[in-house]
Amino acid sequence: MYGEDEERASTVREDGSGAHVLVVDDDPRLRRLLHRYLLESGFRVTSAASAGEARQALGFMLPDAVVLDVTMPGEDGLELTRALRQQGLDIPILLLTARGEPEDRITGLEAGADDYLGKPFEPRELLLRLKAHLRRLTPAAPSDNLRIVRLGALEFDPNRGILSGEGGTVHLTGGEAALLAVLSRRPNEVLSREEIAAALDMSEIGERAVDVQVTRLRRRIETDPREPRYLHTIRGKGYVLKPGI
């Protein structure tokens with residue numbers, strides 16, 4: 001139901017400015033602060049005070065990213081994240097919450113979020129994280145010149161961060177695309193969880209966050225995620241991507 005990344009990329013500059021961000025938070029003070037700060041940083045911003053208002057906004061526009069509070073009355077941020085992913089929304093989703101324990105962050109990733117920021121936080125940190133996730137919407141530098149990776153009937157272009165098959169583009173979240181890009185740059189090479197976490201800026205959350213992203217990615221690229229053909233676990237060492245027909 002949602003449009004392709006390529007259609008949005010033209011509005012997002014390399015530094016993330018020009019992107020349209022949907023901010024969803026029931027705290028009016030924080031909502032106003034984020035709205036003003038992101039506007040001043042060159043973003044277009046739509047604000048919503050609840051999951052219901054966010055759904056209404058998404059009915060007539062498609063943002064480039066969503067900044068979403070977890071703890072809200074009624075439908076909370078985790079429930080909304082799961083619903084949006086099930087509906088095919090593949091843009092970056094950043095969760096905000098006062099519950100900053102690693103286990104809470106894992107729960108957010110399992111729900112389909114790309115990032116998790118504990119309250120209180122510095123708006124500058126939120127801005128930097130947003131820009132990092134939005135970079136995948138802009139074309140990679142031609143100098144990358146990385147080879148297409150074949151995964152059965154699927155093809156992944158590391159230069160563009162796009163997975164495609166016979167039916168067209170396969171929607172990947174920001175986290176899934178980033179993980180596949182990391183693995184594709186070193187095919188047939190075992191990467192430790194520590195290496196992957198560092199490449200994905202997940203070292204603070206820990207190794208389990210990598211396992212969650214791998215599980216999500218397998219659902220996209222494997223015919224049977226329980227018996228992976230391309231993305232293998234090497235017990236005690238990490239993960240390896242083995243491209244093939």
Side-chain angles (χ1 to χ4, degrees), residues 12 15-58 63-85 89 91-137 173-175 178 194 196-213 216:
V12 184
D15 64 352
S17 62
H20 189 173
V21 180
L22 173 61
V23 175
V24 189
D25 198 305
D26 65 319
D27 181 341
R29 184 192 64 81
L30 180 58
R31 193 170 63 250
R32 288 194 297 269
L33 183 152
L34 291 178
H35 191 118
R36 182 175 64 252
Y37 183 79
L38 291 174
L39 280 177
E40 292 172 350
S41 300
F43 291 84
R44 294 175 292 139
V45 187
T46 297
S47 297
S50 66
E53 286 189 15
R55 288 180 180 277
Q56 290 179 358
L58 290 167
D64 297 295
V66 178
V67 176
L68 175 60
D69 184 33
V70 169
T71 308
M72 297 185 294
E75 184 179 16
D76 66 23
L78 292 176
E79 293 170 329
L80 181 58
T81 297
R82 292 189 188 97
L84 295 179
R85 291 308 191 206
L89 185 69
I91 63 174
I93 297 179
L94 282 73
L95 295 180
L96 305 177
T97 181
R99 299 179 297 191
E101 294 300 319
E103 189 63 30
D104 295 319
R105 299 188 181 197
I106 295 298
T107 301
L109 293 174
E110 289 175 333
D114 295 290
D115 211 339
Y116 202 103
L117 200 56
K119 296 178 180 180
F121 59 87
E122 288 292 332
R124 173 70 175 166
E125 181 179 2
L126 172 65
L127 179 65
L128 291 174
R129 289 179 182 243
L130 259 180
K131 288 183 175 181
H133 288 289
L134 286 166
R135 287 192 192 104
R136 78 179 181 91
L137 298 179
T173 66
E194 293 87 347
I196 296 173
L200 298 178
D201 195 24
M202 288 184 173
S203 298
E204 181 183 346
I205 308 178
E207 296 180 6
R208 192 178 162 202
V210 174
D211 297 336
V212 170
Q213 292 287 22
R216 287 170 48 180

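Between Glu110 and Arg208 there is a salt bridge, since a side-chain N of the basic residue sits under 4.0 Å from a carboxylate O of the acidic one. A salt bridge does not link Asp69 to Arg31: none of the charged side-chain nitrogens sits closer than 4.0 Å to a carboxylate oxygen.
Val21 has its side chain within reach of Val23: a pair of non-hydrogen atoms, C-beta onward, lies under 4.5 Å apart. Two residues are said to be in side-chain contact when any heavy atoms from C-beta on lie closer than 4.5 Å; Glu122 and Leu126 fail this criterion. Contact check for Val70 versus Leu96: no side-chain heavy atoms found under the 4.5 Å cut-off. The closest side-chain heavy-atom distance from Leu58 to Pro63 is below 4.5 Å. With a 4.5 Å cut-off on side-chain heavy atoms, Phe121 and Leu30 count as touching. Between Glu79 and Asp76 the shortest side-chain heavy-atom distance falls below 4.5 Å. Side-chain atoms of Leu33 and Pro123, non-hydrogen and from C-beta on, do get closer than 4.5 Å to each other. Side-chain contact check for Leu130 versus Asp115: every heavy-atom pair is 4.5 Å or farther apart.
Just one of Leu68, Thr71, Leu78, Thr107 meets the side-chain contact (heavy atoms from CB on, under 4.5 Å) condition when paired with Thr97; it is Thr71.
Annotation for Ser50 and Val24: closest pair O-CG1, 3.6 Å, computed over non-hydrogen atoms. The minimum heavy-atom distance between Thr81 and Ala113, with the atom names listed, is CG2-N, 3.7 Å. Counting all heavy atoms, side chain and backbone alike, Lys119 lies closest to Asp25 at NZ-OD2, 3.3 Å. Here the shortest heavy-atom pairing between Gly77 and Leu95 reads O-CD2, 4.3 Å. Closest approach of Leu117 and Arg129 over heavy atoms only: CD1-NE, 3.4 Å. Nearest heavy-atom pair, Ser47 versus His35, reported as atom, atom and distance to 0.1 Å: OG-ND1, 2.6 Å.
Every residue two or more places apart in sequence or in another chain that forms a side-chain contact (heavy atoms from CB on, under 4.5 Å) with Thr46 is listed here: His20, Leu22, Ala57, Met61. Applying the side-chain contact (heavy atoms from CB on, under 4.5 Å) test to Gln56 and every residue at least two apart in sequence or in another chain returns nothing.
If you check the side chains of Thr173 and Arg216, you find a donor sitting under 3.5 Å from an acceptor.
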What verdict does the side chain to side chain contact (heavy atoms under 4.5 Å, CB included) test give for His133 and Ile91, after you've listed the backbone C-alpha separation in whole Å, the side-chain angles of each residue and the deciding distance to 0.1 Å?
CA-CA 9 Å; His133 288 289; Ile91 63 174; over 6 Å; no
Give the C-alpha distance, both sets of side-chain angles, the deciding distance and a yes or no for side chain to side chain contact (heavy atoms under 4.5 Å, CB included) between Leu80 and Arg55.
CA-CA 9 Å; Leu80 181 58; Arg55 288 180 180 277; 4.0 Å; yes
Begin with the C-alpha distance, continue with both residues' side-chain angles, and end with the deciding distance and a verdict on side chain to side chain contact (heavy atoms under 4.5 Å, CB included) for Val210 and Ile196.
CA-CA 7 Å; Val210 174; Ile196 296 173; 3.7 Å; yes
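The CZ atom of Arg29 lies 8.5 Å from the CZ atom of Arg32; values are rounded to the nearest 0.5 Å. With rounding to the nearest 0.5 angstrom, the CZ atom of Phe43 is 5.0 Å from the CG atom of Leu127.
A donor-acceptor pair under 3.5 Å is formed between the side chain of Arg85 and the backbone N or O of Gly112. The closest donor-acceptor contact from the side chain of Glu40 to the backbone of Tyr37 lies at 3.5 Å or more, if one exists at all. Put simply, the side chain of Asp114 never gets that close to the backbone of Leu94: no donor and acceptor are under 3.5 Å apart.
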